[in-house]
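Shown next, in structure tokens, is the structure this report addresses.
Lettering follows sequence order; numbering is per chain, from 1. Given the structure is predicted, the values throughout are model-derived calculations rather than measurements. Below, each value reflects all heavy atoms present in this structure, side chains not excepted, and no hydrogens, waters or symmetry copies.
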Amino acid sequence: GAVVSQHPSWVICKSGTSVKIECRSLDFQATTMFWYRQFPKQSLMLMATSNEGSKATYEQGVEKDKFLINHASLTLSTLTVTSAHPEDSSFYICSARVPTDLAKNIQYFGAGTRLSVL
Amino acid sequence: SQQGEEDPQALSIQEGENATMNCSYKTSINNLQWYRQNSGRGLVHLILIRSNEREKHSGRLRVTLDTSKKSSSLLITASRAADTASYFCATDTTGTASKLTFGTGTRLQVTL
């Protein structure tokens with residue numbers, strides 16, 4: 001089955017520092033990956049769509065300079081939270097679609113990254 | 001914007017009972033999917049139903065779709081403690097360029 005690996009699973013950082021989260025498709029190539037944010041006991045909010053070899057598409061209200069996305073290869077997308085502040089503390093989840101099954105738009109998710117900014 | 005609304009928000013049942021959760025959405029869809037999320041983990045795809053389908057089965061899961069009412073339901077039969085998780089519906093909405101819009105989720109607790 002399609003496996004998406006996300007790293008790290010948990011990170012604690014000081015306010016003002018930057019944190020990079022990696023999302024890898026392990027057994028398939030993903031031209032598109034998605035980054036979500038989830039608050040406790042709430043739903044997933046799509047932050048941006050990561051496109052291999054081109055700029056990410058950000059959702060309305062998401063700061064591009066705050067959440068930098070790089071999709072430099074067909075198996076890796078990274079999300080960098082720049083100058084993190086306590087309000088950025090959240091659960092970040094990535095997902096990807098299998099290219100042979102794009103019509104169904106089923107997404108395969110990483111295990112998530114819990115970010116705590118002190 | 002959050003399209004799907006699910007109810008109940010939380011559901012507690014005993015092992016062996018059936019669990020039913022509902023999802024409503026607002027716009028035209030290509031398909032509707034259900035995902036499961038264990039606490040602190042990513043989501044796992046459970047089942048997909050296309051807009052021209054009315055019912056789908058997969059193991060102990062039964063999904064219905066009523067496009068006239070813009071609603072779907074997920075039934076888990078003979079629930080087990082291991083079914084304890086949050087369940088989300090997600091709509092693949094026409095014209096949204098591959099985005100999925102997730103519902104608010106139902107937290108299911110199955111007790112022994």
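For A/Gln6, no part sits under 4.5 Å from any heavy atom of chain B, backbone or side chain. For A/Leu46, the part lying near chain B is the side chain, with the backbone staying farther off; criterion is any non-hydrogen pair under 4.5 Å. Contacts between A/Tyr36 and chain B at a heavy-atom distance below 4.5 Å involve the side chain alone, from C-beta outward.
Residues A/Ile93 and B/Gln37 are in side-chain contact: their nearest non-hydrogen atoms beyond the backbone lie under 4.5 Å apart. Here the side chains of B/Gln9 and A/Lys41 are not in contact, with every heavy-atom distance at 4.5 Å or above.
Closest approach of B/Thr104 and A/Ser43 over heavy atoms only: CA-CB, 3.9 Å. A/Lys104 approaches B/Leu48 most closely through the heavy-atom pair O-CD1, 3.5 Å.
How far CG of B/Leu100 is from CZ of A/Arg97: 8.5 Å, rounded to the nearest 0.5 Å. Atom CD1 of residue B/Ile47 and atom CD1 of residue A/Ile106 lie 10.0 Å apart, to the nearest 0.5 angstrom. Here the CZ-NE2 distance, from A/Phe109 to B/His45, works out to 10.0 Å after rounding to the nearest 0.5 Å.
One hydrophobic cluster holds both B/Leu43 and A/Phe34 under the rule that ILVMFWY side chains link at heavy-atom gaps under 4.5 Å. A/Leu74 and A/Val4 end up in different hydrophobic clusters when Ile, Leu, Val, Met, Phe, Trp and Tyr side chains are linked at under 4.5 Å. One hydrophobic cluster, built from ILVMFWY side chains closer than 4.5 Å, cannot hold both A/Val11 and A/Leu76; they sit in different ones. In the hydrophobic cluster analysis, where Ile, Leu, Val, Met, Phe, Trp and Tyr join through side-chain heavy atoms closer than 4.5 angstrom, A/Met47 is grouped apart from A/Leu68.
In this model, no donor atom of one side chain and acceptor atom of the other lie less than 3.5 Å apart for B/Gln33 and A/Gln107.
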Donor-acceptor list for residues 82-90 of chain B side chains, cut-off 3.5 Å, not counting sequence neighbours:
{"residue": "B/Asp83", "atom": "OD1", "partner": "B/Arg60", "partner atom": "NH2", "Å": "2.9"}
{"residue": "B/Asp83", "atom": "OD2", "partner": "B/Arg60", "partner atom": "NH1", "Å": "3.0"}
{"residue": "B/Asp83", "atom": "OD2", "partner": "B/Arg60", "partner atom": "NH2", "Å": "3.2"}
{"residue": "B/Asp83", "atom": "OD2", "partner": "B/Arg80", "partner atom": "N", "Å": "2.8"}
{"residue": "B/Thr84", "atom": "OG1", "partner": "B/Ala81", "partner atom": "O", "Å": "2.9"}
{"residue": "B/Thr84", "atom": "OG1", "partner": "B/Val110", "partner atom": "N", "Å": "3.0"}
{"residue": "B/Thr84", "atom": "OG1", "partner": "B/Val110", "partner atom": "O", "Å": "3.4"}
{"residue": "B/Tyr87", "atom": "OH", "partner": "B/Arg36", "partner atom": "NH1", "Å": "3.4"}
{"residue": "B/Tyr87", "atom": "OH", "partner": "B/Asp83", "partner atom": "O", "Å": "2.6"}

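Residue A/His7 qualifies as open at atom NE2: its count of foreign heavy atoms under 6.0 Å is 12 or below. By the 6.0 Å contact criterion, CZ on B/Arg50 is open, its count of non-hydrogen atoms from other residues, nucleotides or ligands being 12 or less. Enclosure of atom NZ in A/Lys66 by more than 12 non-hydrogen atoms of other residues, nucleotides or ligands within 6.0 angstrom is indicated.
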